[in-house]
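To keep things clear, I will list the structure first and then write my remarks on it.
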Number of protein chains: 2
Amino acid sequence: MKAANAYSADCPTRQILDRVGDKWAVLILLLLRGEPLRFNVLRRAIEGISQKMLSQVLKSLERDGLIRRRATPTVPVTVEYSITPLGATLAAAVDPLRDWAERNLKEVLTAQRRYDAQRKAMAA
Amino acid sequence: MKAANAYSADCPTRQILDRVGDKWAVLILLLLRGEPLRFNVLRRAIEGISQKMLSQVLKSLERDGLIRRRATPTVPVTVEYSITPLGATLAAAVDPLRDWAERNLKEVLTAQRRYDAQRKAMAA
DNA sequence: CTGCATCCTTGTCGATACTG
DNA sequence: CAGTATCGACAAGGATGCAG
């Protein structure tokens, strides 16, 4: 009931959370689930991501074996990113979370307002 | 406006991901699922978290309505954190992710080694 | 025991410019 | 088109000390 279910620094949950914790990574994974996409298509699909971040995260996802990069030597080059079977299983595991977000965001926002209002009242 | 399946900055998925992206928050949520816990118990259960971070994240979780804080006016004061029904549903949504982590961490690590080895070979 | 305030180091990330 | 390189601003996060 206590120390038994502690979370050591190297437990799988924490290692994966470090990656899923990257919001960009998850968004990319979800987008690629539908079909392979090109660099600039992803860039435009994800509002606010910089080209540096996109490049970085794509590389990281490829390293983890979650997506695959395929360059075709046209001029100029075109590069397609696609999800791997492993990546697809992760995306599926993220689905419940996305569903939860859509169903409960409003309630979370309400709780925040309540909390803030109460704190403000106490300050006064 | 954006493409049909783009992720705008204010979509629920991104807002929740910003919170779940906090690895500490998720760990705390999972720990509290079992039973209410005190501050220092949590601190010890989560290897490597600083007291500052713990304090910060707990407050944030409370604000979001995901956990509840209850102080009993003993001397010295003792504080218990417990999960709310809303928080419990989020924890449940995170479960598939934790399962995925445990089942697939090894494969991810393998992919990383493969990737690194290949890059090293190309550098040479 | 449970925190908040302060300082300070470190890393993160956007902006910009340039290459194949 | 698809990146890499560099710089600088900014914020996250650890350490410490103090308070309720």
Side-chain angles (χ1 to χ4, degrees), chain A residues 2-3 7 9 14 17-28 31-32 35-63 67-82 115-116 118-120 122-123, chain B residues 3 7 9 14 17-28 31-32 35-63 67-82 115 118-120 122-123:
Chain A
K2 65 280 28 254
Y7 286 107
R14 281 181 62 167
L17 243 34
D18 279 347
R19 295 164 198 291
V20 175
D22 185 340
K23 59 176 176 178
W24 300 126
V26 175
L27 294 178
I28 291 171
L31 278 172
L32 288 182
E35 57 188 337
L37 294 175
R38 306 240 308 270
F39 187 88
N40 278 325
V41 175
L42 283 168
R43 185 153 158 49
R44 281 187 294 270
I46 304 177
E47 187 180 345
I49 193 171
S50 69
Q51 142 238 61
K52 178 185 178 178
M53 283 314 294
L54 180 55
S55 173
Q56 215 169 82
V57 175
L58 284 172
K59 199 182 296 185
S60 163
L61 285 172
E62 189 196 0
R63 187 171 107 99
I67 67 173
R68 178 165 33 246
R69 177 186 188 278
R70 225 190 44 193
T72 57
T74 55
V75 180
V77 274
T78 70
V79 180
E80 252 195 6
Y81 291 93
S82 57
Y115 181 92
D116 294 342
Q118 191 169 4
R119 287 210 97 213
K120 189 180 170 194
M122 295 177 73
Chain B
Y7 286 109
R14 281 180 63 167
L17 243 34
D18 278 346
R19 296 164 196 292
V20 175
D22 186 339
K23 58 177 176 180
W24 301 125
V26 175
L27 294 178
I28 291 172
L31 279 171
L32 288 181
E35 59 187 335
L37 295 175
R38 303 241 312 271
F39 187 88
N40 277 326
V41 175
L42 282 168
R43 184 155 160 48
R44 282 187 293 272
I46 304 176
E47 187 180 344
I49 193 171
S50 69
Q51 148 236 62
K52 177 185 180 179
M53 282 315 294
L54 181 54
S55 174
Q56 217 169 79
V57 175
L58 285 172
K59 195 183 300 183
S60 163
L61 285 172
E62 190 197 0
R63 186 170 108 99
I67 67 173
R68 177 165 34 245
R69 178 185 188 277
R70 225 189 44 194
T72 57
T74 54
V75 179
V77 61
T78 69
V79 181
E80 251 195 7
Y81 292 92
S82 57
Y115 182 92
Q118 191 169 2
R119 284 208 101 218
K120 190 180 167 192
M122 294 178 73

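The sequence lines fix the lettering, A, B, ..., with proteins before strands; numbering per chain opens at 1.
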Nearest-Å distance, [atom1] ([X]) to [atom2] ([N])?
X      : N       : atom1 : atom2 : value
R70(A) : dG3(D)  : CZ    : P     : 14 Å
K52(A) : dT12(C) : NZ    : P     : 10 Å
L54(B) : dC4(C)  : CG    : C1'   : 14 Å
I46(A) : dG14(C) : CD1   : C1'   : 16 Å
L37(B) : dC1(C)  : CG    : P     : 16 Å
L58(A) : dT4(D)  : CG    : P     : 10 Å
L61(A) : dG3(D)  : CG    : P     : 13 Å
K23(A) : dA12(D) : NZ    : P     : 12 Å

Could you tell me whether R43(B) contacts a base, only the sugar-phosphate backbone, or nothing, with contacts defined as non-hydrogen atoms closer than 4.0 Å?
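Nothing: the residue R43(B), judged by heavy atoms under 4.0 Å, touches no strand.
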Is the side chain of E80(B) donor-acceptor paired with the backbone N or O of R70(B) at a distance under 3.5 Å, no angle test?
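Such a contact is absent between E80(B) side chain and R70(B) backbone.
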Taking OP1 and OP2 of dC1(D), is either one under 4.0 Å from a side-chain nitrogen or oxygen of Y81(A)?
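False: Y81(A) side-chain N/O out of range (4.0 Å or more) of dC1(D) OP1/OP2.
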Tell me whether the OP1 or OP2 atom of dC1(C) has a side-chain N or O from R38(B) closer than 4.0 Å.
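Indeed not, no polar side-chain atom of R38(B) lies that close.
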Of P76(A) and P76(B), whose closest DNA chain C nucleotide lies nearer the 5' terminus?
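Looking at the nearest nucleotide for each, P76(B) comes out on the 5' side.
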Between K59(B) and R44(B), which is nearer to the 5' end of DNA chain C once each is assigned its nearest nucleotide?
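It is R44(B) whose nearest nucleotide is closer to the 5' end.
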Side chain of [X]: nearest nucleotide among [options]?
X      : options                 : value
V77(A) : dC1(C), dG3(C), dG20(C) : dG20(C)
S55(B) : dG3(D), dG3(C), dG14(C) : dG3(C)
M53(B) : dA2(D), dG13(D), dG3(D) : dG13(D)
Q51(B) : dT2(C), dT16(D), dT4(D) : dT16(D)

Could you pick out which residue, Q56(A) or D22(B), lies toward the 5' side of DNA chain D when each is mapped onto its nearest nucleotide?
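Result of the comparison: Q56(A).
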Once you round to the nearest 0.5 Å, how far does CZ of R44(A) lie from CG of N40(A)?
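Output value for this atom pair is 5.5 Å.
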side-chain contact (heavy atoms from CB on, under 4.5 Å) evaluation trace for D116(A) with R63(B)
CA-CA 8 Å; D116(A) 294 342; R63(B) 186 170 108 99; 2.5 Å; yes
Looking at E80(B) and dT2(C), is any side-chain donor or acceptor paired with a base atom of the opposite kind under 3.5 Å?
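Side chain to base: no pair present.
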Quick check: closest heavy atoms across L32(A) and Y81(A), and the distance to 0.1 Å?
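Between these two residues, the closest heavy atoms are CD2-O, 3.3 Å.
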